[in-house]
Amino acid sequence: MSLSPPTRSRGTIIAALGMTQIMAWGSSYYLPAVIAPAVVADTGWPLAWVVGGLSLGLFVGGLISPRVGSSIERHGGRNVLAFSAACIGIGQIGLAFAPSLAVYIVAWLVIGLGMGAGLYDAAFATLGRLYGARSAITTLTLFGGFASTVCWPLSAFLMGEIGWRGACLVYAAVQLLVALPLYLLILPRGVARPASQSDQKTVVASVPVMRSTPVMVILAATITLGAVISSTLSVHLLTVLQSTGMALAAAVGLGALVGPSQVGARAIEMVVARYHHPIWTKVVSVGCVAIGVSALWMGMPIVPLALAFYGAGIGLESIARGTLPLALFGASGYARLMGRLAMPSLIAQAAAPSVGALLVEQLGAHGMLAVLSALALVNAVLVGALALLLFRPRAPGIESVP
């Protein structure tokens with residue numbers, strides 16, 4: 001089968017994916033944090049199940065992610081991402097008209113199919129398959145960093161004007177009438193040319209060495225731990241801040257610092273990325289998260305600084321999640337690899353908010369922060385071990401990471 005190269009410019013494709021990423025995250029992952037209280041007040045359904053819909057959706061997304069990666073590897077990302085927009089849109093319609101909790105949960109399962117096929121991992125796989133270049137993934141994350149900053153206020157505004165069901169219908173329209181056509185019109189049919197040799201020289205380290213089992217296991221573990229920490233705090237950050245006696249308005253204002261911190265760190269990384277291997281992006285990422293979460297746990301007086309470190313860390317984590325596997329394993333098979341790596345992290349993200357709620361209930365917000373701080377430190381140790389594996393002396397004829 002003859003496969004066509006991209007007919008649109010690289011900048012156009014990345015910009016289109018960036019806009020659809022904001023829409024996808026805002027229509028799924030970031031939605032319950034805003035609408036959940038209104039859903040409970042309107043329906044009387046238990047809060048645990050209302051928020052748990054997202055967890056079940058993420059679980060479904062994790063289950064399908066290996067198949068998503070394989071499909072993108074074989075056929076490109078166009079149809080997979082279009083399927084994602086259709087699922088999220090149909091799921092939002094289901095939420096809007098849900099007469100019962102059971103229908104509400106089923107709607108989230110459909111949205112979960114869309115999350116598994118359309119959030120960062122699928123978008124990274126699509127770009128990696130098209131270009132095999134680290135810079136394309138880094139640029140995409142600049143857009144994604146605005147998802148919560150744009151969509152939390154938008155969701156709150158829509159709820160105030162047309163209620164939570166109306167807000168879901170608006171997001172359904174965005175997915176079906178904006179995101180879906182963009183994917184079909186902008187992304188190329190089939191699979192584009194593999195990454196050029198010049199591209200691969202900029203991203204591939206010592207591929208035969210990097211395919212070792214310890215590297216794969218540590219990489220999957222550190223991506224999963226990072227996802228657990230960010231997923232837990234994305235749901236419980238306001239609770240953590242309010243537990244110190246802070247008013248809700250102040251907590252929301254401080255929480256909003258996380259988004260700009262993500263974008264700022266990603267912008268810096270975009271400028272300096274050419275000068276270092278992505279393992280160093282990962283090292284700085286886990287270090288910043290560990291500093292930020294530990295500072296919150298210890299009750300450091302400068303909360304904005306702690307949140308800035310945390311935001312910068314998770315911002316860089318998104319880049320490292322896409323660029324480090326590409327650097328270690330190359331563009332060939334990259335989409336399939338991303339699908340495999342996404343599976344444990346999405347399943348862990350599915351459980352994280354509920355486990356976090358249990359920790360808050362049993363240990364309090366401070367106790368939950370202690371657990372997250374410990375996980376962040378473990379993650380830092382794992383990444384340190386990964387760096388040592390990559391930089392240790394090699395046998396003759398095999399180079400270490402430059």
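Just so it is clear, the model here is predicted, and its values are computed rather than measured.
- Atom CG of Leu130 sits about 8.0 Å away from atom CG of Leu17, to the nearest 0.5 Å.
- Distance alone, capped at 3.5 Å, places no donor-acceptor pair between the Thr222 side chain and the Leu219 backbone.
- No side-chain N or O of Tyr120 forms a donor-acceptor pair with one of Ser318 less than 3.5 Å apart.
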Q.
Is there a side chain to side chain contact (heavy atoms under 4.5 Å, CB included) between Asn79 and His75? Walk through the geometry before answering.
A. CA-CA 8 Å; Asn79 292 337; His75 308 297; 5.8 Å; no

Q: With side chain to side chain contact (heavy atoms under 4.5 Å, CB included) as the test, would you mind laying out the steps for Arg78 and Phe83 before giving the verdict?
A: CA-CA 9 Å; Arg78 179 176 181 268; Phe83 171 78; over 6 Å; no

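- Residues Leu307 and Leu296 are in side-chain contact: their nearest non-hydrogen atoms beyond the backbone lie under 4.5 Å apart.
- Annotation: salt bridge (charged side-chain N to carboxylate O under 4.0 Å, His left out) contacts of Arg336 (sequence neighbours excluded): none.
- Put simply, the side chain of Ser27 gets close to the backbone of Met23: a donor and an acceptor are under 3.5 Å apart.
- There is a side-chain donor-acceptor pair under 3.5 Å between Glu269 and Thr281.
- Side-chain atoms of Ser261 do not come within 3.5 Å of backbone N or O of Gly311 as any donor-acceptor pair.
- Between Leu346 and Ser65, the shortest heavy-atom contact is CD1-CB, 4.3 Å.
- Separating the CD1 atom in Ile64 from the CE atom in Met343 is a distance of 10.5 Å, to the nearest 0.5 Å.
- Using a 4.5 Å cut-off on side-chain heavy atoms (C-beta onward), Leu328 and His277 make contact.
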**Q.** Trace of the side chain to side chain contact (heavy atoms under 4.5 Å, CB included) decision for Ser84 with Leu113
**A.** CA-CA 7 Å; Ser84 165; Leu113 293 174; over 6 Å; no

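- Between Leu176 and Ile93, the closest side-chain pair of non-hydrogen atoms falls below 4.5 Å.
- In this structure, Arg340 contributes its side chain and Pro66 its backbone to no donor-acceptor pair below 3.5 Å.
- Remark: side-chain polar atoms of Ser345 are not paired, donor with acceptor, to backbone N or O of Thr224 under 3.5 angstrom.
- Residues Gln92 and Leu31 meet the side-chain proximity criterion, which asks for heavy atoms closer than 4.5 Å.
- From Trp25, atom CH2 reaches atom CG of Leu119 across 5.0 Å, with rounding to the nearest 0.5 Å.
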Show which side-chain atoms of residues 50-58 pair as donor or acceptor with protein atoms under 3.5 Å away, not counting sequence neighbours.
| from | atom 1 | to | atom 2 | distance (Å) |
| --- | --- | --- | --- | --- |
| Ser55 | OG | Ala350 | O | 2.7 |

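- The aromatic rings of Trp164 and Trp45 sit perpendicular to each other, their planes meeting at more than 60°, with 30° as the lower class boundary.
- One finds the CG atom of Leu382 at 11.0 Å from the CG atom of Leu377 (value rounded to the nearest 0.5 Å).
- In this structure, Lys282 and Val383 have side chains that are in contact, with non-hydrogen atoms separated by less than 4.5 Å.
- In this structure, OG in Ser230 is found 9.0 Å from CD in Gln262, a value given to the nearest 0.5 Å.
- Under a 3.5 Å cut-off, the side chain of Ser71 and the backbone N or O of Arg67 do not form any donor-acceptor pair.
- Judged purely by distance below 3.5 Å, without hydrogens or angles, the side chains of Ser294 and Ser373 pair a donor atom with an acceptor atom.
- The shortest distance between side-chain heavy atoms of Met159 and Ile35 falls below 4.5 Å.
- Looking only at distances, no side-chain donor or acceptor of Glu73 sits under 3.5 Å from a matching main-chain atom of Ala125.
- In terms of heavy-atom proximity, Ala117 sits nearest to Ala122 at O-CB, 3.3 Å.
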Q.
Run the side chain to side chain contact (heavy atoms under 4.5 Å, CB included) test on Thr43 and Leu101 for me, step by step, so that the C-alpha distance in whole Å, both residues' side-chain angles and the decisive distance to 0.1 Å come before the verdict.
A. CA-CA 9 Å; Thr43 63; Leu101 180 59; over 6 Å; no

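- Nearest heavy atom pair, residue Ile186 against residue Ala16, reads CG2-CB, 3.8 Å.
- Minimum interatomic distance between Ala123 and Gln21 (heavy atoms only, all atoms of both residues): CB-NE2, 3.7 Å.
- Closest approach of Leu316 and Ala265 over heavy atoms only: CD2-O, 3.6 Å.
- Contact annotation: the side chain of Val293 never approaches that of Leu375 to less than 4.5 Å [non-hydrogen atoms, C-beta and beyond].
- Distance check: Leu187 CG to Thr12 OG1 gives 11.0 Å after rounding to the nearest 0.5 Å.
- One side chain, Tyr171 or Ser155, offers a donor N or O that lies under 3.5 Å from an acceptor on the other.
- Across every non-hydrogen atom of Leu337 and Pro325, the tightest pair is CD2-CB, 3.9 Å.
- For the pair Thr20/Leu81, no side-chain contact is recorded, criterion being any heavy-atom separation below 4.5 Å from C-beta on.
- Under the rule for a salt bridge (charged side-chain N to carboxylate O under 4.0 Å, His left out), the partners of Arg321 that lie at least two apart in sequence or sit in another chain are Asp121.
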